[in-house]
Each structure stands twice: as structure tokens, then as C-alpha cells.
Amino acid sequence: MEVLDIHKSIRIDGDIQVPGDKSISHRAVILGSIANGITRIENFLDGEDCMRTVEAFRLLGVSITKENNCLEIHGNGKNALQEPSEPIYFGNSGTTARLMLGLLAGLSFSTVVYGDKSLSSRPMDRVLKPLKAMGVQSIGRKEAGYLPLALRGGDLHGITYEMPVNSAQVKSALLLAGLGATGVTKVIERYRTRNHTENMLKAFGANISVNGKEIEIDSSRSLSATDVFVPGDISSAAFLLSAAAIIPESSLMIRNVGINDTRAGFLDVLIQMGSKIEVTNKKTISGEPIGDIKITNAPLSGIIIEGDLVPRLIDEIPIIALLATQAEGKTIIRDAEELRVKETDRIQAIVDVLSRLGANIEATDDGMIIEGKTSLNGGEVRSYDDHRIAMMVVVASLISEDHVIIDDLSSISISYPGFMNDLQTLVGK
Ligand code: S3P
């Protein structure tokens, strides 16, 4: 048990950068490892999840060196990857697992893959079903629906696949499989999900075309190395922006944050709730839009979050739920059933944690309803070993009347290892 004792009345004030984007860091390692030539990645997220992807490629024979937040990958094309002599460990990382399954499906060798307890209970059939239709063979419990799994890749053929779930991981897995398949692989989305894979595949020279919600790729062009600058992770920035949004008299600037429209639904929500936000210094680097985000504290009101907005902020729902406890009126979040299969069942975890702290919140099948504004009392809660729940609790502790006691904060190193230090500098000013 850890006692958080950051006094509630201190305002947030400062000018800061957050670590590199987790989704983009994974993709840069994957594409750099299957491209020809040297790829340098700047501002790589040195968190546990992304290091799982690095370790996976080292086992497949790729030379990757790391100095602070810069990676250098010596790629020799995907056909130079070697059959690993030991099982590949994906840890807690759903992105590593699903994207690697797609890539491995197109390689003519056998692999055994596994993950930690949380990852072993998350569905893999959402990628394996279409990958099997493309020709991969897999063995695992529950008809290869969960890790651990054994795969035999190679001899894939392209398919057209209309995704039944809104998932960038599924889309990306199929596009990576398409690089190793004969013919065209076409993925059709219901709602647009984050498009970092498409952007980066273009930058590495793949033959990919995007037409609204339809994406086509084939294996006619091999990838060429290119340097990648990873923007700050908007999902990490969201925790600091939220702290400034709910603590009176706060003002915060976060520089060089990724503001890709398929990811930045959180900014739309802040604006709709009444926050004062300004995005300046906008530019595009390595195919991704970035900008500086400034927020000043202002009163918030409840909103409805549903439909195509949900995939654009799916990872931010834990912190949005906290914002909603501090907003006047009702906030309704629906169409977010995907939260049930994240690092933990996040609908259950959010409702459990926030109601223990004194919020008026109720779970629904596909989301939650929050009635604000309520003051939070403090109390004893669990992190569910989920980085985004843990960081949400830390931000909640900044406005709680009493101590917040949490079982464990170590999961924060999955996506934002320096979070507690950064927060300390902002509240300390
Ligand atoms: C991610 C996609 C999302 C997101 C996850 C990262 C990615 O998952 O929740 O944190 O990098 O592609 P789904 O594809 O399951 O929606």
C-alpha cells in the first residue's frame, strides 16, 4: 500500500514535455526492423510495453541499440528475420502482441508467444480469425483465442476484411500481414481508429492506399529505412492536462504533443466540457501532426460521449471519468464496451475506484453515467495493475479532501515512467 500525500489545494503550473507516444514508438520499432537500412528513432518511449517490442525483434535477430530515448535499428528487410530459438514474451503489451501476430503470420517459420497474466486473458481471436482466413496456422487454448500461442506463418493470401470491432491493433495486424501476403489485403473500418500505422507505412515506402475507412496494402514494395521523430503522447499528456483542468488557478503548457485527429478526441472533450485550451505551433513531423497545448483552469460541465468519438479517446476514458466528477451535471459515456477488454475491465475498475473516493458514478454495459459535481473524500483503492487507472487515481488524489491510499503504482512505468516526478515539479512550483 502506498499513501499519496500531495496536498489538494496546490495549483498546477508549468511548461513541460511528456514522453514519446506509445503507439508510434511500437510502430517505429516494427517498421524499422523490417525495412532495409538504418532507422533512427528520436524521443522513443522508454517504457515497459515498447521495450517488449524491441526485445521481440532482438530475438528475431535484429540489431537494435539504445541510448537514452534514441534507438538505432539496423534492418535488413523482413526476410532476414530469423526463427527465434525461444518463446517471445509480450509482457503486458496488447499492441506488441496483436501487431507482432500480424507480422509473424507472414513469415515462413514457427514462433511461440506468451504474455503476463493480464495479457493472457485478453482476446487474440480478433486478430487470429482474419489471419487464419489469410492462411496462418495457430495452436493455443480456447481455439487459439488467447496467449500463449504457437504460430506457423507464411503462404498468406490477401483478404478483404470488414472489422467487427473498432481496433487499430486489429487493423495494424492485418496491414502488417498484408506485407507478407500475395495479392491485396483490404481492411474496412466502421469508425476510424488511430492511423499511425498507415502514416508510417507510407513514410517507409509501402504500397498502401487509404480511401476514407478503406485501406489497401500489398507486398509489391519493400520498406526502406527512414528516421522517425516520435511526438509526445497525448494519452500521457491527458493526465497532466486534466489535473490543470480541475485544480483551481492552474495553468499548464505541454509542448510537442501528437494531435493526430484520429487520436485527439480528448481535446474535443475538454473543449466541449468548457476548458480553456489553445493549440499553437502546429506542424507535421514524420507524417504526424504535433503542437503545443496550453490549458488554463475553467469550470466544467457534463457531456455525452458516444459513437465515432469513442475510438478517438478510448485510452483517455479513465481520466475523462474523473473530469466528469468535477463537472456540473450529467456525463454519459456509451459505445465504449471495448473498455471491458483493456489491461483490466476498465468500466468496472473506474466505477469501483471513483465510487470509493466518493463520486456519484454508475456502470452500464458499454460505459458509465457520472453525476457531478462531487467533492472527493479520499479512501483506499486498487490500481488493478493498470497504468491508466493508477495515474487517474494519482490525479484524483490532488483534489481529494483526505489521503488516497493505493495498493501499487508500479504499472505507471508501462507508459509514463517519469509521471510522478513530472507531476511533482508541476505542483511544486
Ligand atoms: C492501440 C490501440 C488501442 C489502444 C491501445 C493502443 C494501438 O487498442 O487502446 O492502447 O497502438 O494500436 P485497440 O486496438 O484494442 O482499440
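Read the numbers this way: they start at 1 and go in the same order the structure lists the ligands and their atoms.
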message: I'd like to know if R356 and E380 make a salt bridge, using a cut-off of under 4.0 Å between side-chain N and carboxylate O.
response: no
query: At under 4.0 Å between heavy atoms, which part of N166 makes contact with ligand 1: side chain, backbone, both or neither?
result: backbone
message: Using a 3.5 Å cut-off on N or O atoms only, is A168 in polar contact with ligand 1?
response: yes
- prompt: Identify the closest protein heavy atom to atom 14 (O) of ligand 1: which residue and atom is it, and at what distance?
  reply: S167 OG, 2.6 Å
task: Could you find the nearest protein heavy atom to atom 7 (C) of ligand 1 and give me its residue, atom name and distance?
output: R27 NH2, 3.4 Å
statement: Under 4.0 Å from one or more heavy atoms of I314, ligand 1 contributes atoms 9 (O)
statement: Within the 4.0 Å heavy-atom cut-off, what R194 brings close to ligand 1 is side chain
statement: Logged contact type for H26 with ligand 1, heavy-atom cut-off 4.0 Å, is neither
field: Audit row: Y114, Y89, ring-ring contact (aromatic ring centres under 6.0 Å, His included) steps and yes/no
entry: CA-CA 5 Å; Y114 70 114; Y89 182 54; 4.8 Å; yes
message: Quick test: of every protein heavy atom, which one is nearest to atom 10 (O) of ligand 1, and how far off is it to 0.1 Å?
response: D315 OD2, 2.8 Å
- line: Result for side chain to side chain contact (heavy atoms under 4.5 Å, CB included) between S25 and one of N43, L45, I30 points to L45
- prompt: Is the backbone of A225 close enough, under 3.5 Å, to the side chain of T39 for a donor and an acceptor to pair up by distance?
  reply: no
- request: Write out the residue and atom name of the closest protein heavy atom to atom 11 (O) of ligand 1, then the distance separating them to 0.1 Å.
  value: S23 OG, 2.7 Å
message: Evaluate S172 for polar contact with ligand 1, using N/O atom pairs at a separation under 3.5 Å.
response: no
For D335, all residues meeting side-chain contact (heavy atoms from CB on, under 4.5 Å), sequence neighbours excluded: E306, V310, D366
query: Do D315 and K22 meet the salt-bridge criterion of a basic N to acidic O distance under 4.0 Å?
result: no
message: Donor-acceptor pair, distance only, cut-off 3.5 Å: does the side chain of R312 make one with the backbone of D261?
response: yes
- line: atom 6 (C) of ligand 1 sits nearest the protein heavy atom T95 OG1, 3.5 Å
Chi angles and distances behind the side-chain contact (heavy atoms from CB on, under 4.5 Å) call for S235, R263: CA-CA 9 Å; S235 299; R263 266 298 280 293; 2.9 Å; yes
- line: protein heavy-atom neighbour closest to atom 1 (C) of ligand 1 works out as Q169 NE2, 3.6 Å
message: Under 3.5 Å between any N/O of K342 and any N/O of ligand 1: does that happen in this structure?
response: yes
From I246, V269, L270, L241, residue fulfilling side chain to side chain contact (heavy atoms under 4.5 Å, CB included) relative to S275: L270
